[in-house]
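Here's the structure, in structure tokens; my notes come after.
What you are looking at is a predicted structure, and each value in this text was computed from that prediction instead of being measured.
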Amino acid sequence: MSHDAKFGERLKSLRDKYRLRQLDLALLVKTEKYPNGIPKSTLAGYENGFRRPNFETLVKISEVLNTSADYLIGATDDPSPAKPTKDLRKLLQSNDFHIDGKVLTNDNLKFAIEFLEKLAVNQKNDDEIAKEFPVDSIKNGEKI
């Protein structure tokens with residue numbers, strides 16, 4: 001299946017899921033060029049694989065349909081948009097991190113998590129934290 005066909009199929013499927021007519025969805029997709037919504041014929045062209053949306057329109061469609069642009073274009077099969085976590089513990093435990101190209105080890109990440117926990121829980125001032133976590137600070141390659 002071509003990407004245009006997959007996009008059209010997924011667009012129509014989500015539109016049907018939310019029980020929207022083409023005109024309803026077209027009016028909800030407001031862009032800079034079309035502040036009152038895109039033309040219904042344009043939306044029909046997307047669904048039939050004859051047209052492709054520009055980036056702004058693709059983002060607006062995904063927002064209105066509560067999905068990701070990646071899902072609509074076929075880059076993922078998960079229709080639920082991934083919301084980035086703001087929980088630093090989850091973030092640090094789930095990714096490979098590096099600083100200036102040097103990979104952080106699990107021990108480094110464990111230390112960072114412990115440091116952030118102490119910082120958040122105790123709300124200590126900088127001097128108290130420096131005593132508990134003696135680490136040389138580096139700025140522009142020089143110790144400070």
Of all the heavy-atom pairs spanning [X] and [Y], show the shortest one and how long it is.
X     : Y     : result
Arg15 : Leu20 : NH1-O, 2.8 Å
Ser62 : Ser68 : CB-C, 3.8 Å
Leu58 : Phe7  : CD1-CE1, 3.7 Å

Point to revise | Side-chain ion pair, Arg10 and Asp77, N-O less than 4.0 Å | key: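 Asp77 and Arg10: salt-bridged.
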Check your understanding: Would you call Asp107 and Lys110 a salt bridge, using N to O less than 4.0 angstrom?
Key -> no
Exercise for review: Mark yes or no for whether Asp78, through its side chain, and Ser80, through its backbone, hold a donor-acceptor pair below 3.5 Å.
Suggested key: yes
Check your understanding: Taking Thr67 for the side chain and Pro79 for the main chain, is one N or O donor matched with an acceptor at less than 3.5 Å?
Key -> yes
Exercise for review: Using the ring of Tyr46 (Phe, Tyr or Trp, six-membered ring only), decide whether Arg52 places NZ or CZ under 6.0 Å from its centre and within 45 degrees of its axis.
Suggested key: no
Practice item. Only counting residues at least two apart or in another chain, list the ones meeting side chain to side chain contact (heavy atoms under 4.5 Å, CB included) with Asn54. Key: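 With neighbours one apart ignored, the set is Glu56, Thr57.
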Check your understanding: If you draw a 6.0 Å radius around NZ in Lys40, do more than 12 non-hydrogen atoms from other residues or ligands fall strictly inside?
Key ->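 No, because the 6.0 Å sphere around NZ of Lys40 holds 12 heavy atoms or fewer from other groups.
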For the atom pair [atom1] ([X]) and [atom2] ([Y]), what is the distance rounded to the nearest 0.5 Å?
X     : Y     : atom1 : atom2 : result
Lys30 : Leu27 : NZ    : CG    : 6.5 Å
Lys6  : Leu11 : NZ    : CG    : 14.5 Å
Phe50 : Thr42 : CZ    : OG1   : 13.5 Å

Check your understanding: Are Asp16 and Ser13 close enough, and set up right, to give a side chain to side chain donor-acceptor pair (under 3.5 Å), and what steps lead you there?
Key -> CA-CA 5 Å; Asp16 289 345; Ser13 174; over 6 Å; no
Check your understanding: Which pairs with one or both residues in residues 60-70 pass salt bridge (charged side-chain N to carboxylate O under 4.0 Å, His left out), sequence neighbours excluded?
Key -> none
Exercise for review: Apply side chain to side chain contact (heavy atoms under 4.5 Å, CB included) to the pair Tyr18 and Leu65, showing each step before the final yes or no.
Suggested key: CA-CA 8 Å; Tyr18 289 107; Leu65 295 176; 3.9 Å; yes
Review point. In terms of hydrophobic clusters joined by side-chain contacts under 4.5 Å, are Tyr34 and Leu25 together?
Key: yes
Check your understanding: Is Ile73 reachable from Leu43 through a run of I, L, V, M, F, W or Y residues, each pair having side-chain heavy atoms under 4.5 Å apart?
Key -> yes
Exercise for review: From the options Ile61, Val64, Leu23, select the one residue that forms a side-chain contact (heavy atoms from CB on, under 4.5 Å) with Leu28.
Suggested key: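 Of Ile61, Val64, Leu23, side-chain contact (heavy atoms from CB on, under 4.5 Å) with Leu28 is met by Val64 alone.
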Practice item. May I ask you to test the Leu14-Leu72 pair for a side-chain heavy-atom distance under 4.5 Å? Key: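 Counting from C-beta outward, Leu14 and Leu72 do come under 4.5 Å.
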